[in-house]
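Notes follow the structure.
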Amino acid sequence: MVSGTCFAEWGNNVVCMDKNAQKIDGLRKGRMPIYEPGLDELVEHNYAAGRLNFTCNLAEAVTGATVVFIAVGTPTRPGQGDADLSFVYMAARELASLIADDTVVVVKSTVPVGTGDVLQTIIGSARKAGTFSVASNPEFLREGVAVSDFLAPDRVVIGVEDERANRRLIELYDSTTALRNTPVIVTGRRTAELIKYAANAFLATKITFINELADLCEEVGSDVKELALGIGLDRRIGTSFLMAGPGYGGSCFPKDTLALLRTAQDYGVTLGIVEETAAANDARKQRMAQKVVEAFDGDIDGLTIAVLGLTFKADTDDMRDAPSVPLIKALQRLGGHIRAYDPVGIENAAMVLDGVDFFEDPYECAWNADAAVVVTEWETIKKIDLAQLKQHLRQPVLIDLRNILDTEAAEELGFRISAVGRPASPDSSLQEIGKRRDRQRGFKTERVDPFSIAIREK
Ligand code: UDX
């Protein structure tokens, strides 16, 4: 949706094809199938200008096209870890006999190394004669800011194996003055395919690194936000993607790290850092409930917890691999009742969560709850009126898994607040637990984990 619309915005004639008639019908009436800020205006504008069209008919979309992008999903195969390429192969088989000679078929979907070679064979064997090219052009869009990421990318990566594809794609990206200062990296198809996975694995590792440091900060009394700035201002490190939180989620990082590991395994290579990143992130998401349990001395049975934010990050309605899901399930297993707020994610959240009361207003969500837990960094949550929030809660307990609330202001209002990788409130029971731990350490006793106590008691 975003790529097609933005290509139209740059003056190309674009036809977006999907098999889901409901989506296509909705788009023709101006209804977006996804929540993505800024996209609806752009679609409306380009549709009205006649540069952007929608169809369920593949022939209508590809006949006469000089470039055809395949942008179908490549989800993780359940239990396997590798990417399910059946939609990519299906698209290639179906378009093979419909494309004109000299068409460049470009894979935008995230696909393992060598997929372009397979497509070359699939399309080649379906076409009796005629020339075509298969290229790779990975996308690096982030949900929520995908339009600006497309229109002003850090770089464009093009993977080609022949001159036709090279010329056509350079033309496509060079035709726009907007990209005049953007580096375009032209490389082989297999390198382009791997660049996408390497970028996502690196970013996932960066997040996991700061999350592990956040754990250490909590123990030693340092502040991870300041630590992140302190290291990030070193230009070799960079300040972005150093926000500690409940663990990364979404449609890419969890899936792409697993798929990369699977590729490495297939080729007999060990990617120890990526392996550790994926495992540490999974464990972190499972552990987040511990922060809530700790605030209640290890027992939340019968308590009501207000979860503020459900989607895997702000500005999207996407619930894929959202940290809110394992958190809520763990809290429910420990006897907690869940009220949850999200500005746009409730419909998708209701499909993956049971026994949760959903609210479109954060204060209503907090009503009579024993604690509020911030899980997604929505603007509405960043700007929440802490005094009003406190009035709605039954107990003034606040757990900020995104470090977006003003800890000092919350403490002044009488909240017991805990955040990620930062010291807890001086008067909170969390602090008490910390002191107890220190005492236990002093006596060289075994470390007590309130979460495991609660589980054992259950
Ligand atoms: C990601 C890549 O950034 C993008 O280039 C690729 O095309 C698709 O995957 P996206 O999944 O939309 O984009 O979101 P992103 O902003 O990268 O965040 C992914 C996850 O990491 C979220 O759960 C987010 O909350 C988390 N995150 C991100 C952190 O916990 N800390 C950070 O500092 C940054």
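Just so we're clear, the structure is a prediction, and the values are computed from it rather than from any experiment. Counting convention: from 1, in listed order, for ligands and their atoms alike.
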Item to check | Within the 6.0 Å centroid threshold, strictly below: Y341 and Y363 | outcome: no

Next on the checklist: Please confirm whether the ring centroid of Y47 lies under 6.0 Å from the ring centroid of F54.
Outcome noted: yes

Checklist outcome for this item: Distance filter under 4.0 Å, heavy atoms only, around ligand 1 gives E139, F140, L141, R142, E143, K196, N200, I207, F241, L242, M243, Y248, G249, C252, F253, F312, K313, R402

Next on the checklist: Can you confirm whether M319 sits close enough to S324 that some side-chain heavy atom of one is under 4.5 Å from a side-chain heavy atom of the other?
Outcome noted: yes

Next on the checklist: Any carboxylate oxygen within less than 4.0 angstrom of a Lys/Arg side-chain nitrogen, looking at D84 and R77?
Outcome noted: no

Item to check | R51 and N13: side chain donor to acceptor below 3.5 Å | outcome: no

Item to check | Distance-only polar pair, side chains of K108 and S136, donor-acceptor under 3.5 Å | outcome: no

